[in-house]
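A quick write-up on the structure given underneath.
This one's a predicted model, so the numbers in the text were calculated from it and none came from an experiment. Per chain, numbering begins at 1; letters A, B, ... match sequence-line order.
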Number of protein chains: 2
Amino acid sequence: MTGHRLDNIDRKIMAELQADGRMTNVELASRIGISAPPCLRRVRALEEAGFIKNYHAFVDAKSLGFDVQVFVMVGLITQAEPELTTFVEKCQSWPLVRECHMLNGEIDFILKCVAPDLSTFQTFLTAELTAAPNVASVKTSLVIRVAKDTPGVPFEYVKELPESG
Amino acid sequence: MTGHRLDNIDRKIMAELQADGRMTNVELASRIGISAPPCLRRVRALEEAGFIKNYHAFVDAKSLGFDVQVFVMVGLITQAEPELTTFVEKCQSWPLVRECHMLNGEIDFILKCVAPDLSTFQTFLTAELTAAPNVASVKTSLVIRVAKDTPGVPFEYVKELPESG
DNA sequence: CGTGAAACCGTCGCCCC
DNA sequence: GGGGCGACGGTTTCACG
């Protein structure tokens, strides 16, 4: 997927589209400082190559009736690859689990779950997650307040390439 | 922000735009089953009302040179509101901190951090986070593998409204 | 909410560097 | 190789029924 190398223009495009994914191509091009056609060609190439994976609208969970957000720390009995894969596939099949990250240290996985209410989450927790094979320990932490939620990467840390001229 | 009530069409719009935020308005309208103008009016209204907060391109962190992703569990000395606010504002000022959630239970905050390399993260950890006022305990967990990363809410759990006719 | 019309945009071919 | 210019078709976005 990564045969290409990115130049500064590519990175600026991705920074802009991360900040506003619905920007029109002409506005994107004018912000970058090139004309529309090459800008669109680059965007398409970035999508094809997998550098841009998708575009998502960010919706307000509360307004849609999703009042419950929970982080779940999971420990497994064995961390051998087949068992890991089984657990990961389980997570992918649960719509309520939005993120699943494998970690180092004492806990093996952290899950971010979103549910419409506590009872839906508790049903999931007791009937699905804790009941899944190979799950040793489960610790949950309710989200009281979302203080910051900025998807993506910090483009502030991207170094400019030296001018090629 | 929520004076409006959402109907099924609004929810379908948000579900579609969460799945593909760059869909054209005509395609969106045809998927919903209405014509383009009222569809666009609804999208604009949802944006204005804050139900749709933003649109983001999902970029591949690895390709951009962000190899390090870390979950950080933070305990504070005091959880009084002024100290909480101070800590939250600190998090908002750190670009490396992408998410900051206040939790119940023994840990007070969980942060999701994204950094270009380990040394950048360690500098942040020692010079910024641990050095911040009111921070009592810091535990970090490196992300080994991202097994699932689905932003947004599970629209599978949204109940259809009864037909009004 | 739907129809029509006008302005804008995405997209392609070609030329240029 | 990549960027710019022009033109066509589709889309966005009005005003109106």
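- Counting non-hydrogen atoms under 4.0 angstrom, B:R22 reaches nothing in the nucleic acid.
- Neither side chain, B:Q18 nor B:Y55, offers a donor N or O lying under 3.5 Å from an acceptor on the other.
- When side chains are defined from C-beta on, A:M23 counts as touching A:E16, because their heavy atoms get closer than 4.5 Å.
- Annotation: of the two residues near DNA chain D, A:P38 and B:P37, the 5′-most nearest-nucleotide partner is A:P38.
- Taking 4.0 Å as the cutoff to heavy atoms of chain B, we find the contact window on DNA chain C bounded by C:dC1 to C:dG4.
- Taking a 6.0 Å sphere around CD of B:E156, one finds it holds more than 12 heavy atoms contributed by other residues, nucleotides or ligands.
- Counting distance only, with no hydrogens placed and no angle test, the side-chain atoms of A:R42 and the base atoms of D:dG2 include no donor-acceptor pair under 3.5 Å.
- Straight-line distance from the CG atom of A:L28 to the C1' atom of D:dG3: 15 Å, rounded to whole Å.
- Residue contacts shown for A:S35 include a base, since a base heavy atom lies under 4.0 Å away.
- A:N8 places its CG atom 15 Å from the C1' atom of D:dG2, with the value rounded to the nearest Å.
- Under the 3.5 Å distance criterion, the side-chain polar atoms of B:K148 are matched with a main-chain donor or acceptor of A:W94.
- Listed by chain and number, the residues in a ring-ring contact (aromatic ring centres under 6.0 Å, His included) with B:F155 amount to none (sequence neighbours excluded).
- No side-chain donor-acceptor contact under 3.5 Å links B:T120 to the backbone of B:P116.
- Stem analysis of DNA chain C (Watson-Crick or G-U pairs, both distances under 3.5 Å, runs of at least three) returns C:2-9 with D:9-16, C:11-17 with D:1-7.
- Across every non-hydrogen atom of A:L64 and B:V153, the tightest pair is CD1-CG2, 4.3 Å.
- When each of A:M23 and B:I34 is assigned the nucleotide of DNA chain C with its nearest heavy atom, B:I34 is the one assigned upstream, toward the 5' end.
- Using a 4.0 Å cut-off between a side-chain N of Lys or Arg and a carboxylate O of Asp or Glu, A:E47 and A:R42 do not qualify as a salt bridge.
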